[in-house]
Undergrad: 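If you scroll down you'll find the structure; I have some questions about it.
Computed over heavy atoms, backbone and side chain alike; hydrogens, waters and symmetry mates excluded. We name chains A, B, ... by the order of the sequence lines, and we start the count at 1 in each one.
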Number of protein chains: 4
Amino acid sequence: MRGAILAAARSEFAARGLKGARVQAIAERAGCNKQLLYYYFGSKDGLYRAALESVYADIRAQEQGLELGGLPPADAMAALVGFSFDYLAAHPEFIGLLNHENALGAPHVRASRAVRETNSPLVDLIASTLRRGVADGLFRSGVDPVALYISIAGMAYFFFSNRRTLEAVFARDLSASGAVAGYRRHVVALAMAGLLRCGKGR
Amino acid sequence: MRGAILAAARSEFAARGLKGARVQAIAERAGCNKQLLYYYFGSKDGLYRAALESVYADIRAQEQGLELGGLPPADAMAALVGFSFDYLAAHPEFIGLLNHENALGAPHVRASRAVRETNSPLVDLIASTLRRGVADGLFRSGVDPVALYISIAGMAYFFFSNRRTLEAVFARDLSASGAVAGYRRHVVALAMAGLLRCGKGR
Amino acid sequence: MRGAILAAARSEFAARGLKGARVQAIAERAGCNKQLLYYYFGSKDGLYRAALESVYADIRAQEQGLELGGLPPADAMAALVGFSFDYLAAHPEFIGLLNHENALGAPHVRASRAVRETNSPLVDLIASTLRRGVADGLFRSGVDPVALYISIAGMAYFFFSNRRTLEAVFARDLSASGAVAGYRRHVVALAMAGLLRCGKGR
Amino acid sequence: MRGAILAAARSEFAARGLKGARVQAIAERAGCNKQLLYYYFGSKDGLYRAALESVYADIRAQEQGLELGGLPPADAMAALVGFSFDYLAAHPEFIGLLNHENALGAPHVRASRAVRETNSPLVDLIASTLRRGVADGLFRSGVDPVALYISIAGMAYFFFSNRRTLEAVFARDLSASGAVAGYRRHVVALAMAGLLRCGKGR
DNA sequence: AATGAATGAGAGTTCATTCAT
DNA sequence: TATGAATGAACTCTCATTCAT
């Protein structure tokens with residue numbers, strides 16, 4: 001039951017934010033009554049924090065499953081870009097929660113030790129892959145791994161996060177599987193071309 | 001007074017979204033009382049729509065001011081990337097409004113003819129610049145202008161939109177002017193390197 | 001214009017009562033703006049009083065037009081009953097205004113000299129007709145003219161005033177002209193039979 | 001508590017109508033806070049419907065308690081007229097609710113199955129009593145029972161419903177117990193005389 | 001673990017009315 | 001005579017939360 005409440009909370013908070021979400025709606029989705037949420041999580045805010053931590057825990061688990069050390073740097077980097085894209089494609093709730101949390105100024109993420117420690121493994125992975133690629137004479141040097149992570153994630157994140165307005169202003173269906181796949185190729189190509197030294201790897 | 005209300009609404013809706021924003025707070029910021037909002041805009045929703053259209057009208061005006069036709073393709077493209085970045089840096093309200101609108105599924109943007117017709121000029125500019133660059137043998141061919149716009153905008157948008165959580169998980173200050181300038185250089189470099197054919201333009 | 005406002009006010013107050021009526025709606029019906037109502041009538045309440053007095057003035061004028069002195073008592077009485085019925089049939093606004101005024105405890109009617117003096121002519125007419133009929137041996141004696149007026153008016157008033165609920169609970173259309181005419185015959189017959197001494201007049 | 005709210009609602013809606021009634025006032029009369037009304041009845045409108053149905057249920061119950069089958073037709077009819085009068089005398093809330101409901105066009109009564117089925121027993125009682133009286137040669141024939149019900153009820157209803165304006169225009173106290181009793185006698189006499197064939201029953 | 005009853009705080013909206021022109 | 005701008009006062013309704021069971 002606790003798990004069901006948490007899952008319902010993730011959806012509801014992702015869709016409507018902390019204040020916009022309705023305790024009643026979460027209870028209904030979870031198939032229980034409101035008071036049980038208080039029994040388990042103390043308050044709406046407590047439930048929100050738990051939901052937020054649970055999505056960060058999930059992405060951390062997935063990232064730690066990545067085994068790219070054995071791959072050549074270019075393949076490893078392409079896999080990383082693809083993973084970032086695919087994870088966001090598969091987890092719209094993660095995007096919704098982050099957007100609302102950022103709108104609030106991210107106080108809960110700041111306050112949560114568990115969350116703060118989440119993304120480091122991915123940046124480490126990027127840093128080491130970059131180093132290997134530079135050492136091989138394959139990648140441009142001087143690329144900041146954090147900046148690279150942000151730009152790679154941003155290309156995918158913005159596509160999914162702002163899909164509805166983009167569809168409206170460009171009069172394009174960006175939800176069709178073909179459109180998503182096409183954009184994924186574009187992102188991987190742009191990122192790889194942006195990293196590779198000329199004359200190499202193509 | 002009407003203008004003051006609209007400006008206050010832009011801030012408040014950007015910060016808290018349609019439901020989260022308080023009519024009272026908007027009135028206070030505008031220096032009038034709540035009822036005047038209803039007098040001018042009919043409802044909270046009507047005011048929200050007006051605020052949304054006003055920010056789109058603003059960005060359209062700025063984009064139409066861009067005169068890149070006379071520049072060489074590479075310079076034009078670099079200017080475009082820079083403009084996208086700088087506009088978002090200067091207009092956090094635009095980001096806030098868009099995020100909340102997307103969280104709702106973008107019904108107001110869909111419904112607004114004025115907004116739907118907004119972004120085309122920029123994509124046309126990208127498309128013609130790309131064509132010129134490809135004709136010069138400078139840019140890779142086969143790049144979709146809409147995808148390119150989304151990826152360029154996304155790199156900047158995500159940085160500003162998710163700055164707070166990124167600061168928390170990477171334990172970095174991304175708000176310092178140096179950090180912003182550094183990331184801007186990264187984005188321009190990555191985008192240009194991603195577009196140029198090798199051996200050209202560098 | 002003043003007349004148009006008054007007519008609009010009669011409809012609106014009849015339909016919704018003093019508090020339920022909207023100043024804005026009255027102005028729209030009259031084809032002017034709200035502020036003009038204040039210019040002419042000072043306040044919503046002042047307009048209400050004017051509307052109330054105008055309908056009472058109208059019914060008084062109509063009643064005073066009745067010339068029944070020359071008719072035989074039975075004919076005169078039948079004409080009176082018919083007139084009461086027909087007036088209410090033709091003036092639903094009168095009914096609406098009276099209902100709402102009574103719901104308030106009739107403070108405006110009490111306060112208005114003009115209104116207080118309205119109905120006397122009709123009761124005088126009833127009283128004299130009754131007297132003549134009793135003198136002729138035609139009518140029962142001992143009938144109170146005020147009570148008679150109330151019962152005669154009530155039979156018609158209730159029919160028109162409560163028509164909608166009566167239609168619902170009796171599943172009958174009471175608005176068709178046949179239904180109204182049938183009920184009118186019933187009322188006249190019942191009243192006349194109730195007044196006549198037996199063996200007389202039939 | 002639910003019952004207390006319903007009773008308070010009956011008074012308040014009867015006195016001021018659906019829109020005129022104040023939720024706050026109902027709550028105060030019931031001795032609870034506003035929100036509890038919403039908890040039990042969902043909305044002001046829902047509470048209004050419940051109040052309306054409860055008064056109809058009450059009058060139905062009272063009517064069904066009438067046992068007139070064993071009385072001679074004239075006595076039965078006189079009892080019926082008296083009952084109608086006395087019920088209205090004792091239940092001013094019923095009158096207030098009906099007046100306001102009719103002013104709205106009776107949408108709630110129309111929509112409520114429970115209410116629509118209410119009044120039939122009384123009309124059946126009138127119809128059978130009329131038949132018995134006609135068969136005995138006592139009553140006039142050709143009297144429509146529904147019309148008879150409306151006229152009988154109307155004589156009483158109008159007296160109570162419009163008492164305040166009648167008092168004002170006739171400068172009479174119609175609220176004194178003597179006045180009410182006198183009018184009651186008048187109504188019973190007029191109705192019975194209106195029904196009886198001449199030479200019978202007197 | 002689960003639920004009906006109850007409440008304080010606050011939100012959006014409506015409306016009569018006034019003022020300046 | 002006519003109108004745009006502005007406001008105080010209320011009103012309905014929603015919501016997170018608590019308590020007793």
Undergrad: In terms of the nearest nucleotide of DNA chain F, which residue is placed more toward the 5' end: D:Val23 or B:Tyr40?
TA: B:Tyr40

Undergrad: State whether A:Arg163 and A:Glu167 are salt-bridged, where the test is any N-O pair (Lys NZ or Arg NE/NH1/NH2 against Asp/Glu carboxylate O) under 4.0 Å.
TA: no

Undergrad: Looking at E:dC19, E:dT14, E:dG8, which one has an atom nearest to any side-chain atom of B:Tyr38?
TA: E:dT14

Undergrad: Decide whether C:Asn99 and C:Tyr157 meet the rule of one side-chain donor and one side-chain acceptor closer than 3.5 Å.
TA: yes

Undergrad: What stems, by residue range, does DNA chain E take part in, given at least 3 consecutive Watson-Crick or G-U pairs under 3.5 Å?
TA: E:2-21 with F:2-21

Undergrad: Under 4.0 angstrom, heavy atoms only, what part of the nucleic acid is C:Ala21 near: base, sugar-phosphate, or nothing?
TA: sugar-phosphate

Undergrad: Taking any heavy-atom pair under 4.0 Å as a contact, classify C:Tyr39: base, sugar-phosphate, or nothing.
TA: base

Undergrad: Between C:Asn33 and F:dA2, is there a side-chain N or O to OP1/OP2 distance below 4.0 Å?
TA: no

Undergrad: When you measure only distances, ignoring hydrogens and angles, does the side chain of B:Lys34 come within 3.5 Å of the base of F:dT7 through a donor and an acceptor?
TA: no

Undergrad: Where the side chain of C:Lys44 meets the backbone of C:Leu18, is there a donor-acceptor pair that is under 3.5 Å apart?
TA: yes

Undergrad: Within the structure, does a side-chain N or O atom of C:Arg22 lie under 4.0 Å from either OP1 or OP2 of E:dT14?
TA: no

Undergrad: About how many Å separate OH of B:Tyr48 and CG of B:Leu104, when rounded to the nearest 0.5 Å?
TA: 5.5 Å

Undergrad: Would you call A:Glu53 and A:Arg49 a salt bridge, taking side-chain N to carboxylate O under 4.0 Å as the test?
TA: no

Undergrad: What distance separates B:Asp58 CG from B:His91 NE2, expressed to the nearest 0.5 Å?
TA: 5.0 Å

Undergrad: Please state whether the base of E:dG10 and the side chain of B:Gln24 form at least one donor-acceptor pair under 3.5 Å?
TA: no

Undergrad: Under a 4.5 Å cut-off applied to non-hydrogen side-chain atoms, are D:Tyr40 and D:Leu47 in contact?
TA: no

Undergrad: Tell me which of B:Lys44 and D:Leu36 sits closer to the 5' end of DNA chain E, going by the nucleotide each one is nearest to.
TA: D:Leu36

Undergrad: Which listed nucleotide (F:dT3, E:dA9, F:dA9) is nearest to the side chain of C:Gln35?
TA: F:dT3

Undergrad: Which sits closer to the 5' end of DNA chain F, A:Asp45 or D:Asp45, going by the nucleotide each is nearest to?
TA: D:Asp45

